[in-house]
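Each chain gets a letter, A, B and so on, in the order the sequences are listed, and its residues count up from 1.
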There are 2 protein chains.
Amino acid sequence: MKEKKVTPYHHGNLKESLLETALEMVDTEGLEAITLRELTQRLGTSRSAVYRHFDSKETLIIGVIQKGYADLDLLFTPIFQDRTHSVAERFEMMGRAYLEFAIEHPNLYRLLFGENYRHEREEACDYKDENQATGLYALIGLLLEAQEEGIIAKIDPIVQAATVWASIHGLASLMIDGHLMMSDNFEEIYKYSQSVLLKGLL
Amino acid sequence: MKEKKVTPYHHGNLKESLLETALEMVDTEGLEAITLRELTQRLGTSRSAVYRHFDSKETLIIGVIQKGYADLDLLFTPIFQDRTHSVAERFEMMGRAYLEFAIEHPNLYRLLFGENYRHEREEACDYKDENQATGLYALIGLLLEAQEEGIIAKIDPIVQAATVWASIHGLASLMIDGHLMMSDNFEEIYKYSQSVLLKGLL
DNA sequence: GAATTAATGTTGACAATGTTAACATTAAAT
DNA sequence: ATTTAATGTTAACATTGTCAACATTAATTC
């Protein structure tokens, strides 16, 4: 039986592997930890091999962002659409899942919802619509349901969605960036924020 | 009359000048634009001179952050304490001033309230208490006033403050990081957020 | 099936960056 | 006046993203 070559000249699936490994590196060690040398070394290729698949490091990271959004959608969309729970319950589940993700994957969360590569993201507006916005549209859908049930006021759901998202994103950001010195109360703060939101939205 | 030496060997006020120029550079060009070479060149000194005043670039940036907080306090505290306006009015003024600052100085805002140098900030806890928290304490004071007037519910003002701050910080962050694709409605979103807050806090 | 072309990977080099060591100059202290 | 501390300079280093020139494999064409 022929022994498998340890390091074949062609990797075979380098582009996807780069994205996967980079995503993993961001998640565990932060964006700064991604160097092309370290990244390619882990895959057994040379630094410059990246440039056969991406224009620059920036382009690669944007690919990672896209991948991250896609993964997130798989996580969140089912919660929004889970008809076995009431709208109010789903609202609570959504907020909790969102915060849990941010706290368990702070580096990834910052990459997806922070400043990084803002300009480039804005240029690639098609991807923006496809991925980044789907979560927001799911939230809008949930709010429309809530409007129908009379739980919240019937006003522009886009404005409502921005308000809700900002509230939870603010909580998540302050928390993972170490600005909530009262973080031992975090559960209490979250519950209070949710109650303020639901009360205020009516 | 002796002509002033164009470039004296000793700058005379290098430490403070470094902080000022660095702050200005962050504000106008972003944190990434700060390189020791560019920074020192603007002041007419050599790159390594920085190390006579700061252990590292990191330490210098932390100094910039401290300076930024001090400046911010001078901006916000008067609003909180302005007794010529009602509590509700000051609440509105505060939120608007906060958002205006974030939008006019996004790079500075990110440096002060984002992830940067989180660990180092947490280590220097005295500075954290002195500066970063003063704004929060001012907010807590305002909320206590509001509680006395019966505008909002009498519960733990720290929890309320976190909720309010998160809501506005979330709005500011999403805005300056380009995540609000409906940013043409921003004024409407802000007003709605404020109304949701006040209604929910009661 | 052989020859050509495209795709993919490697090596060496480059400029920019933060940092340090060794040295130079000025101010402060004795 | 001499010594010492403070402050500034220069040269060098390792690390980084990037690119050009070259090497190897896969795909295509005749």
Interatomic distance, B:Phe54 CZ vs D:dT7 C1' [rounded to whole Å]: 14 Å

For atom CD of A:Glu58 and atom P of D:dC19, their distance in whole Å: 12 Å

Sugar-phosphate, base or nothing in reach of B:Ser46, heavy atoms under 4.0 Å: base

Side-chain-base donor-acceptor pair under 3.5 Å for B:Ser48 and C:dT19: no

B:Leu31 CG - C:dG18 P separation (whole Å): 11 Å

A:Lys57 side-chain proximity, nearest of D:dT10, C:dT10, D:dT18: D:dT18

d(CE, A:Met25; C1', D:dT16) in whole Å: 13 Å

Mutual orientation of the aromatic rings belonging to A:His169 and B:His179 [parallel < 30°, tilted 30-60°, perpendicular > 60°]: tilted

A:Tyr98/A:Tyr109 aromatic ring centres below 6.0 Å: yes

5′-ward residue of the pair A:Arg47/A:His53 relative to DNA chain C: A:His53

Sugar-phosphate, base or nothing in reach of A:Ile34, heavy atoms under 4.0 Å: sugar-phosphate

Nucleotide nearest A:Thr35 when distance is taken to its side chain, options D:dT16, D:dT10, C:dG9: D:dT16

D:dT18 base / A:Ser56 side chain donor-acceptor hit below 3.5 Å: no

Residue B:Ala49, side-chain atoms from C-beta onward, closest of D:dG8, C:dA13, C:dT19: D:dG8

Stepwise side chain to side chain contact (heavy atoms under 4.5 Å, CB included) test for B:Asp177 and B:Arg110: CA-CA 9 Å; B:Asp177 290 342; B:Arg110 285 192 202 100; 2.6 Å; yes

Atom-pair distance (CG on A:Leu39; P on D:dT15), nearest Å: 18 Å

Options D:dA21, D:dG17, D:dT7, nucleotide nearest the side-chain atoms of B:Arg52: D:dT7

Proximity to the side chain of B:Tyr51 - top-ranked nucleotide from C:dT20, D:dG17, D:dT9: C:dT20

Aromatic ring proximity, centroids under 6.0 angstrom, B:Tyr69 and B:Phe76: no

Whole-Å gap separating P (C:dT25) and CG (B:Leu14): 19 Å

Donor-acceptor pair (no angle test) under 3.5 Å: B:Arg37 side chain, C:dG18 base: yes

For atom CG of A:Asn13 and atom P of C:dA7, their distance in whole Å: 17 Å

Salt bridge flag under 4.0 Å for residues B:Arg42 and B:Glu20: no

Interatomic distance where CD belongs to A:Glu16 and C1' belongs to C:dT8 [whole Å]: 17 Å

